[in-house]
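These numbers come from a predicted model, not from an experiment. Basis for what follows: all heavy atoms, side chains included, without hydrogens, waters or symmetry-related copies.
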Amino acid sequence: MITLRSNLDVADNSGAKKISFIGVLGRKGKRHAMVGDIIRGSVKAAIPNSPIKKGEVVRAVVVRTHFPVKRKDGLVVKFDKNACVVIDKQNNPRATRVFGPVVRELRSRFSKILSLAPEAI
């Protein structure tokens, strides 16, 4: 579970490094996000000369959370840090690579992100 003003690592090569969580898209008044939610965030750190600049407001999808993800079969998945992938308006990733594992719950809505990731847990 990610709350307002939480800092997330960016798990792709889009140029952004850290994003601060502003809000959840599509859920009015919701103050926290889970894995698979589309969020709006402000870029806090970026690589020099990248297409995404510091201070830019971007859309992203949450791919890893420190809060446990519980599945129907009883398995609990938990990561060390919160991470997201920057996306465009058509829900396609703006990057060409995704670093680190992502959860399988993204399979139904974000199959392109799942295909770019090296491992799905």
Side-chain angles (χ1 to χ4, degrees):
M1 185 178 323
I2 299 169
T3 58
L4 288 174
R5 298 190 187 121
S6 293
N7 289 323
L8 293 91
D9 293 333
V10 178
D12 61 19
N13 64 345
S14 62
K17 285 297 177 190
K18 291 262 186 206
I19 289 181
S20 178
F21 172 58
I22 295 174
V24 181
L25 293 178
R27 296 188 181 171
K28 186 176 179 182
K30 189 171 178 189
R31 293 177 170 260
H32 61 276
M34 298 296 288
V35 170
D37 285 342
I38 299 173
I39 63 168
R40 173 103 28 200
S42 173
V43 177
K44 294 298 179 185
I47 297 173
N49 301 325
S50 67
I52 297 177
K53 304 295 180 197
K54 181 180 175 184
E56 185 177 342
V57 177
V58 295
R59 293 166 49 114
V61 61
V62 179
V63 294
R64 293 191 293 262
T65 59
H66 186 68
F67 191 79
V69 176
K70 297 175 184 169
R71 296 187 177 155
K72 291 182 181 179
D73 61 355
L75 187 67
V76 177
V77 179
K78 182 178 172 181
F79 295 97
D80 290 339
K81 292 187 176 185
N82 301 323
C84 64
V85 172
V86 179
I87 59 174
D88 58 6
K89 295 223 181 221
Q90 290 80 27
N91 293 342
N92 293 322
R94 290 176 66 176
T96 56
R97 292 178 57 200
V98 175
F99 304 122
V102 297
V103 292
R104 288 209 174 109
E105 281 76 12
L106 300 175
R107 185 180 328 144
S108 60
R109 291 179 57 199
F110 304 102
S111 60
K112 187 131 187 180
I113 293 173
L114 199 65
S115 67
L116 293 175
E119 186 177 5
I121 295 177

query = Counting only N and O atoms by type, is there a donor-acceptor contact under 3.5 Å from the side chain of Asn13 to the main-chain atoms of Thr96?
reply = yes
task = Indicate yes or no: at least one non-hydrogen side-chain atom of His32 is less than 4.5 angstrom from one of Leu4.
result = no
ask   = So do Arg59 and Arg40 actually touch side chain to side chain, heavy atoms under 4.5 Å?
value = yes
query = Do NZ/NE/NH1/NH2 and the carboxylate oxygens of Asp37 and Lys30 come within less than 4.0 Å?
reply = yes
ask   = Under a 4.5 Å cut-off applied to non-hydrogen side-chain atoms, are Leu8 and Phe21 in contact?
value = yes
Contact summary for Ile19 and Ala60, nearest pair of heavy atoms = CD1-CB, 4.5 Å
key: Heavy-atom pair of closest approach, residues Pro118 and Gly100   = CD-O, 3.4 Å
key: Check against side chain to side chain contact (heavy atoms under 4.5 Å, CB included), Glu105 and Arg71   = CA-CA 9 Å; Glu105 281 76 12; Arg71 296 187 177 155; 2.9 Å; yes
query = Just by modelled atom types, is the Lys81 backbone N or O under 3.5 Å from a matching donor or acceptor in the Asp9 side chain?
reply = no
key: Donor + acceptor pair across side chains of Asn82, Ser6 (<3.5 Å)   = no
task = Check the surroundings of atom NZ in Lys53: do more than 12 heavy atoms from other residues, nucleotides or ligands lie under 6.0 Å from it?
result = yes
message = Working to the nearest 0.5 angstrom, can you tell me the gap between Cys84 SG and Lys18 NZ?
response = 10.5 Å
Heavy-atom side-chain proximity of Glu56 to Ser42 below 4.5 angstrom = no
remark   = Closest non-hydrogen atoms of Thr65 and Met1, given as atom of the first, atom of the second and distance, are CB-N, 4.2 Å
Under 3.5 Å, which donor-acceptor pairs link side chains of residues 44-52 to any protein atom two or more places apart or in another chain?
unit_1	atom_1	unit_2	atom_2	d
Ser50	OG	Ile47	O	2.9
Ser50	OG	Ile52	O	2.7

key: Heavy-atom side-chain contact between Lys17 and Val10 under 4.5 Å   = no
ask   = Leu116: which other cluster members, linking ILVMFWY side chains closer than 4.5 Å, directly or transitively?
value = Leu25, Val35, Ile38, Val61, Val63, Val69, Leu75, Val77, Phe79, Val85, Ile87, Val98, Val102, Val103, Leu106, Phe110, Ile113, Leu114, Ile121
inquiry  = Can you confirm whether Arg31 is buried at CZ, in the sense that more than 12 heavy atoms of other residues, nucleotides or ligands lie under 6.0 Å from that atom?
reply    = no
query = What do the steps show when you test Lys78 against Phe67 for side chain to side chain contact (heavy atoms under 4.5 Å, CB included), and what is the final call?
reply = CA-CA 6 Å; Lys78 182 178 172 181; Phe67 191 79; over 6 Å; no
For Arg64 against Ala11, the heavy-atom pair lying closest together = NH2-CB, 3.6 Å
message = Please report the interatomic distance CG(Asn91) to NZ(Lys112), rounded to the nearest 0.5 Å.
response = 12.0 Å
